[in-house]
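Since the model is a prediction, treat every value here as computed from it, not as a measurement. Nothing fancy with the numbering, it's 1 onward along the sequence.
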Amino acid sequence: MDVTAKPGWKTDPAILTRRAAGQLGLGALLAAALPRAGARAQGQEMVFLSTQLRPIEAAQAMRQKILSGFGQPVNFVTEQPPQLGVRVRAEQQGGRHTTSLIGGLHGELLPLMSTNALAPLDDALAGLRQRGFNAAMLESGKLGGQQQRYIPWMQATYLMVAHKQALPFLPAGADINALSYEQLGQWAAAIQEKTGQRRLGFPAGPTGLMPRFFEGYLYPSFTGGVVTTFRSEAAEAMWGQFRDLWKTVHPNSTNYGFMQEPLLSGEVWIAFDHVARLIDALNRKPDEFVAFPAPSGPKGRGFMPVVAGLSIPADAPDPAGAAKLIDYLTRPEVQIATLRATAFFPVVKTDLPADLEPGLKLAADAIARMSSAPDALVSLLPIGLDQKGGEFDKVFMDTFQRVVLRGEKPRAALDRQAEVMRRIMTETGAPCWRPDPPSEGACQVG
């Protein structure tokens, strides 16, 4: 995340710190169903395709509270990340272009560079430099080239939230803003012992973001890596410890998609999730909850910043309108409106308003503490996997199911799943991303 005015953050390239069917056959098939390319007719909606803000409430907030102020009709269309490349390449290969603006994460936009699907945005950026974008974020927006291919749009991350009635059960001497995973386990176990209830919760349901917990938090914290340490001895020990922790986790966690709902109902007292999936609880009952950083492990306090960018497809039907929309979405006042409506934080230099909702203030403070922690360890979202991103996430969920839910020995499960991961990395050729060290060619599974 990156806000350059307190209480925001800067990124490095996405580090939060205190202060403020892609194949031709499928492509042709999809393209056949698309309207013919051409300049956007006056009054016709401009298509804005986004992998972000997919939940119904977030998409409605984007349409009704943000885009309604643009002054021109915009059709905000959400898409699952693995299908973004499929749709963009379908339009590119079929010669029928409907999408004028793309919103996505760095790792989702990067694969589109290989087919020259993204237009350079240097001219658009020239008029926006006074916005105060973080330099490292802009450099990341070049996607490894010399020209700007996306402009930062918004940012978020994941954190922990607890009901205040859980605080008396904290281990003696524990600092909630500097917890370890061992202390989290002790905390949850104490609640279970005293209340007879398992009150720790994770978003491990079909629509939950549990893979990000493994990729950005647990693995980095215990192994110092993700891919290169996947089947390491440290990973083996980590899975054994997490299986023990799961004995204190609410059994409905395998159904949870958004943790704000079980928090509000009281079913769960302690939860991990994306800030946008926790914010409703914080906003509705700010006096009843506390927000705090994710725990630390032997290698540090792993956390995953999420930075979304805006790109214009090559041969977009309305590139001028798309550039105007980028200008609009990155205005400080619109960035603040986006924060209020979606809980995604600004990427431009702006002061957070004094009348910001109490729940958002709780989240902002927790994120700032996490990003500025002396043991903070950044893990970027997977990069370069394109349509294989879902398969990569499944490796972690399958390992979780084998070891934690079915009781399989960690070594056997890791050896089996490492072969699946190795195939994914070989087929995509994706190089390593942080916290794994840089690689020449495909990241090697360790």
Side-chain angles (χ1 to χ4, degrees), residues 1-3 7-20 105-107 134 136-137 140 152 154-162 175-184 200-203 208-227 229 234-235 238 242 245 259 270-279 282 290-308 343-345 347 360 362-383 393 396 432-437:
M1 296 194 111
D2 169 35
V3 180
W9 311 273
K10 292 181 180 179
T11 60
D12 175 30
I15 300 176
L16 304 165
T17 57
R18 186 89 187 208
R19 275 196 71 197
L105 305 179
H106 179 98
N134 176 266
M137 291 178 68
S140 295
M154 58 186 187
Q155 57 184 328
T157 190
Y158 302 74
L159 46 76
M160 302 284 296
V161 167
D175 179 356
I176 195 172
N177 292 310
L179 282 180
S180 67
Y181 279 98
E182 181 179 7
Q183 290 173 324
L184 176 64
L200 176 59
F202 288 92
L209 297 175
M210 194 68 179
R212 298 301 185 231
F213 172 72
F214 296 131
E215 298 160 5
Y217 293 79
L218 201 65
Y219 254 92
S221 296
F222 279 85
T223 75
V226 179
V227 176
T229 59
M238 175 199 77
F242 191 68
L245 176 67
M259 293 311 302
I270 311 168
F272 167 92
D273 208 345
H274 190 287
V275 63
R277 297 181 175 213
L278 293 166
I279 200 63
L282 295 178
V290 293
F292 55 99
S296 65
K299 298 294 184 179
R301 193 173 305 277
F303 78 101
M304 179 179 279
V306 180
V307 179
F344 275 79
F345 286 76
V347 294
L360 285 172
L362 288 173
D365 288 343
I367 293 168
R369 286 192 294 267
M370 181 164 59
S371 61
S372 63
D375 57 352
L377 178 61
V378 170
S379 182
L380 299 182
L381 285 156
I383 295 172
D393 292 345
F396 292 90
C432 295
W433 56 87
R434 295 176 67 177
D436 287 318

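Residues satisfying the side-chain hydrogen bond (donor to acceptor under 3.5 Å, both in side chains) criterion with Ser221, sequence neighbours excluded, are absent altogether. For Tyr181, the ring pair (Phe, Tyr, Trp, His ring centres under 6.0 Å) partners two or more places apart in sequence, or in a different chain, are Phe222. For Leu362, the side-chain contact (heavy atoms from CB on, under 4.5 Å) criterion is met by Leu282, Pro286, Ala291, not counting sequence neighbours. For Tyr219, the side-chain hydrogen bond (donor to acceptor under 3.5 Å, both in side chains) partners two or more places apart in sequence, or in a different chain, are Trp239. Residues passing the side-chain contact (heavy atoms from CB on, under 4.5 Å) test with Leu360 are Ile279, Asn283, Leu339, Ala343, Leu356, Glu357, sequence neighbours excluded. With sequence neighbours left out, Asp375 forms a side-chain contact (heavy atoms from CB on, under 4.5 Å) with Ser296, Arg301, Ala373. Asp273 pairs by the side-chain hydrogen bond (donor to acceptor under 3.5 Å, both in side chains) definition with nothing, not counting sequence neighbours.
In this structure, CG in Leu209 is found 12.0 Å from CZ in Phe214, a value given to the nearest 0.5 Å. Within the model, atoms CE of Met238 and CG of Leu245 stand 11.5 Å from one another, a figure rounded to the nearest 0.5 Å. The line from CE of Met370 to CG of Leu159 is 5.5 Å long, rounded to the nearest 0.5 Å. In this structure, CG on Leu380 lies 8.0 Å from OG on Ser140, to the nearest 0.5 angstrom.
Residues Ser371 and Ala376 approach most closely at O-CB, 3.9 Å, considering heavy atoms. Shown here for Phe345 and Val275, the closest heavy-atom pair between the two residues is CE1-CG2, 4.5 Å. Closest heavy-atom contact between Phe272 and Pro203: O-CD, 3.1 Å. Shown here for Ala156 and His274, the closest heavy-atom pair between the two residues is CB-CE1, 3.4 Å. Closest approach of Pro437 and Cys432 over heavy atoms only: O-CB, 3.0 Å. Nearest approach of Ala366 to Pro293, heavy atoms of both residues: O-CG, 3.9 Å.
Residues Leu381 and Trp433 have side chains not in contact (no heavy-atom distance under 4.5 Å, counting atoms from C-beta outward). With a 4.5 Å cut-off on side-chain heavy atoms, Val347 and Met137 count as touching. In this structure the side chain of Val307 never reaches within 4.5 angstrom of the side chain of His106, judged on heavy atoms. Contact of the Val226 side chain with the Pro220 side chain is registered, since non-hydrogen atoms from C-beta on lie closer than 4.5 Å. Taking the side chain as every heavy atom from C-beta outward, Leu105 and Val306 approach each other to under 4.5 Å.
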Stepwise side-chain contact (heavy atoms from CB on, under 4.5 Å) check, Met160 with Leu179: CA-CA 11 Å; Met160 302 284 296; Leu179 282 180; over 6 Å; no
side-chain contact (heavy atoms from CB on, under 4.5 Å) between Met259 and Val161, worked out: CA-CA 9 Å; Met259 293 311 302; Val161 167; over 6 Å; no
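The salt bridge (charged side-chain N to carboxylate O under 4.0 Å, His left out) analysis of residues 209-218, with sequence neighbours excluded, yields the pairs Arg212-Glu215, Arg212-Asp393.
The 12-atom threshold is not exceeded at CD of Glu182, counting heavy atoms of other residues, nucleotides or ligands nearer than 6.0 Å.
Taking the six-membered ring for Trp and thresholds of 30 and 60 degrees, Phe202 and Phe242 have ring planes more than 60 degrees apart, a perpendicular arrangement.
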